[in-house]
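Inspection log for the structure reproduced underneath, given as structure tokens.
Letters go in sequence order (proteins before strands), and every chain restarts at 1. Below, each value reflects all heavy atoms present in this structure, side chains not excepted, and no hydrogens, waters or symmetry copies.
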Number of protein chains: 2
Amino acid sequence: MPVSCKNCPLRKCDYFIPMTEAELAFMISFKTGEMVVEPGTTLLLEGSNSPQLFTVLSGMGVRYKTLEDGGRQVINFLLPGDLTGMQSAIMGEMKHSVEATTNMVLCVFNRADIWNMFKAHPDRAYDLTWIAAVEEHFLGETIATLGQRDASQRIAWAYLRLHRRLRAVGLGDAHHVPLPFRQQDLADALGLSLVHTNKTIARLRDMGLAAWVDGKLSIPDRAKLAALAGVEPEPLDRRPLM
Amino acid sequence: MPVSCKNCPLRKCDYFIPMTEAELAFMISFKTGEMVVEPGTTLLLEGSNSPQLFTVLSGMGVRYKTLEDGGRQVINFLLPGDLTGMQSAIMGEMKHSVEATTNMVLCVFNRADIWNMFKAHPDRAYDLTWIAAVEEHFLGETIATLGQRDASQRIAWAYLRLHRRLRAVGLGDAHHVPLPFRQQDLADALGLSLVHTNKTIARLRDMGLAAWVDGKLSIPDRAKLAALAGVEPEPLDRRPLM
DNA sequence: CGTAGGCTTGAATATGGTCAATGGTTGTGG
DNA sequence: CCACAACCATTGACCATATTCAAGCCTACG
């Protein structure tokens with residue numbers, strides 16, 4: 001049985017800006033159902049025109065593009081609280097694919113209801129745009145990382161980003177977070193080969209900066225890792241939940 | 001004297017989805033003025049909270065991030081018809097800087113009027129989100145390019161993208177478009193060193209695939225260049241103009 | 001138990017980076 | 001009008017980071 005938005009566990013996270021009663025009421029009507037998928041399921045396919053959007057309730061996945069020459073680029077990781085399918089909803093076509101890595105539970109919304117949201121619930125429409133702006137920000141950071149940082153820095157940056165984001169939705173504890181991806185996924189996200197990714201992961205582990213073992217990531221000292229990555233300890237801005 | 005949106009030359013471009021009369025009327029009131037800047041002017045500064053957004057009427061610029069270690073990553077190029085400043089408007093802080101490369105003329109909007117737009121003009125709010133989705137799409141393409149393509153492919157990809165986009169707003173002719181950036185700008189956009197960028201540009205020129213000389217880019221045969229870049233001749237989707 | 005998927009490791013290679021220097025053009029001041 | 005500085009494009013030599021190729025290993029699972 002689906003969880004009502006009223007009892008949505010994500011709403012309890014400080015990471016998300018609280019909803020008003022009116023917003024909550026709207027979300028309950030906006031949510032048309034729940035979808036449960038297994039690892040490997042393709043949620044959205046590049047080039048398709050899905051009638052639905054999803055918010056991740058639990059589980060993780062990847063968004064990726066397949067290149068003409070067969071390569072795969074992971075655009076980013078899909079984590080609890082993330083909304084996906086906006087491109088299809090607004091532009092009429094997905095520009096990347098989305099696949100489940102673990103078992104996932106997703107809230108399902110209808111694309112057809114979006115326009116009604118803009119007319120009748122401008123506050124939620126505003127939040128939708130806010131989410132898009134946050135996404136744009138993250139993609140810009142990714143571009144800067146792929147363009148300017150070497151392998152150790154890229155991996156350190158990804159670790160920090162994922163760790164913080166997962167903690168923000170209450171996963172893991174102070175030092176360990178679940179990270180159920182393959183090394184190949186991280187390699188494809190960072191534009192590195194699997195071999196080099198593997199060796200760099202090992203180096204970070206040997207240096208005691210970060211260990212990603214058995215699907216769990218531990219970072220003993222964020223500051224040290226951040227120093228290696230060359231990133232400021234940027235705070236994680238709160239954002240709306242949709 | 002500022003041009004009225006009524007006579008805005010950009011509106012004539014097929015690239016942009018036509019406005020309704022109501023939308024046009026709103027835009028005329030939404031636009032608070034025009035700004036003219038010289039090359040080198042910083043329009044928006046990373047970390048700042050600008051009260052304004054801009055649409056480029058003419059001229060070009062770059063959006064970039066400065067890294068802790070001094071590097072610069074150009075996120076993308078700012079071309080006529082582009083809207084910038086949304087991050088600041090929605091999230092309250094710019095996550096990158098924006099600088100004019102040439103002389104520019106910009107339409108100025110007030111951040112404070114955005115919320116009113118969501119309440120009173122849902123069609124325009126929807127278009128704003130649409131623009132954000134298009135931006136997200138382009139950034140995703142950039143990530144795929146930085147992550148998966150080698151130097152020649154990156155430059156070929158950037159050439160094709162800029163060429164098509166500039167043609168879409170009526171600049172240049174079938175084979176030549178103005179491209180007033182420095183090689184360093186392109187290098188910073190593609191995550192390559194200046195030296196390697198220079199040599200790769202020369203190689204493409206020697207192969208007769210694309211010549212960027214004296215601030216003008218010419219592509220004799222888009223199909224050939226696209227083959228080298230490893231990209232499909234993806235059509236340029238129309239989008240709203242704000 | 002045998003196969004498949006993912007992780008690990010070593011060796012050879014290459015793509016691209018760094019360093020260094022030259023030349024062309026423009027703008028400025030003597 | 002010339003000298004000089006600043007900026008950008010260009011080129012060569014050398015070096016390093018990361019890729020590719022090729023095995024071996026471990027665990028889960030049928």
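Electrostatic pairing of A:Glu141 and B:Lys65 counts as a salt bridge here, judged by a charged N lying under 4.0 Å from a carboxylate O. Look at A:Asp14 and A:Arg167 and you find no salt bridge, because none of the NZ, NE, NH1 or NH2 atoms lies under 4.0 Å from a carboxylate O. Checked for salt-bridge contact, B:Asp206 and B:Lys199 miss the test: no charged N lies under 4.0 Å from a carboxylate O. Under a 4.0 Å N-O distance rule, the pair B:Asp188/B:Arg182 does not qualify as a salt bridge. A salt bridge links A:Lys95 to B:Asp237: one of the charged nitrogens lies within less than 4.0 Å of a carboxylate oxygen.
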Using side chain to side chain donor-acceptor pair (under 3.5 Å), reason through A:Asn198 and A:Gln183 one step at a time and then give a plain yes or no. CA-CA 7 Å; A:Asn198 178 287; A:Gln183 294 187 352; 2.9 Å; yes
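The shortest distance between side-chain heavy atoms of B:Val56 and B:Phe54 does not fall below 4.5 Å. You'll find the side chain of B:Glu38 stays beyond 4.5 Å of the side chain of B:Thr102, heavy atoms only. A:Glu93 is not listed as a side-chain neighbour of A:Gln87, based on a closest heavy-atom distance of 4.5 Å or more. Using a 4.5 Å cut-off on side-chain heavy atoms (C-beta onward), A:Leu57 and A:Leu106 make no contact.
Counting to the nearest Å, the C1' atom of D:dC8 and the CD atom of B:Gln183 are 8 Å from each other. Between A:Leu190 atom CG and D:dA18 atom C1' there is a gap of 13 Å when expressed in whole angstrom units.
Cation-pi check for B:Arg161 over B:Phe138 is met; the charged atom lies under 6.0 angstrom from the ring centroid and within 45 degrees of its normal.
Of the residues in residues 142-160 of chain A, A:Asp150, A:Ala151 come within less than 4.0 Å of DNA chain D through at least one heavy atom, sorted by number. Residues of residues 195-207 of chain A that place a heavy atom closer than 4.0 Å to DNA chain D, in numerical order, are A:Val195, A:His196.
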Annotated protein contacts, base or backbone, on nucleotides 25-30 of chain D with a non-hydrogen cut-off under 4.0 Å, one of B, S, - each: ------
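Interatomic distance, B:Leu79 CG to B:Leu171 CG, rounded to the nearest 0.5 Å: 8.5 Å. One finds the OG1 atom of A:Thr101 at 6.5 Å from the CD atom of A:Glu99 (value rounded to the nearest 0.5 Å).
Nucleic acid contact for A:Leu194: none, since no nucleic acid atom lies under 4.0 Å from a heavy atom of the residue. Residue contacts for B:Gly191: at a heavy-atom cut-off of 4.0 Å it reaches the sugar-phosphate backbone alone, with no base atom in range.
B:Gln184 has no side-chain polar atom (N or O) that falls below the 4.0 Å cut-off from OP1 or OP2 of D:dC7.
Bracketed by its first and final contacts, the part of DNA chain C lying under 4.0 Å from non-hydrogen atoms of chain A reaches from C:dG6 to C:dA11 in 5' to 3' order.
The rotation axes computed at either terminus of the helix from C:dC1-D:dG30 to C:dG30-D:dC1 lie 30° apart, taking five pairs at each end and rounding to 10 degrees.
Listed by chain and number, the residues in a ring pair (Phe, Tyr, Trp, His ring centres under 6.0 Å) with B:Phe109 are B:Phe30 (sequence neighbours excluded).
Ring geometry for B:Phe181 against B:Phe77 counts as tilted: the plane angle lies between 30° and 60°, on a 0 to 90° scale.
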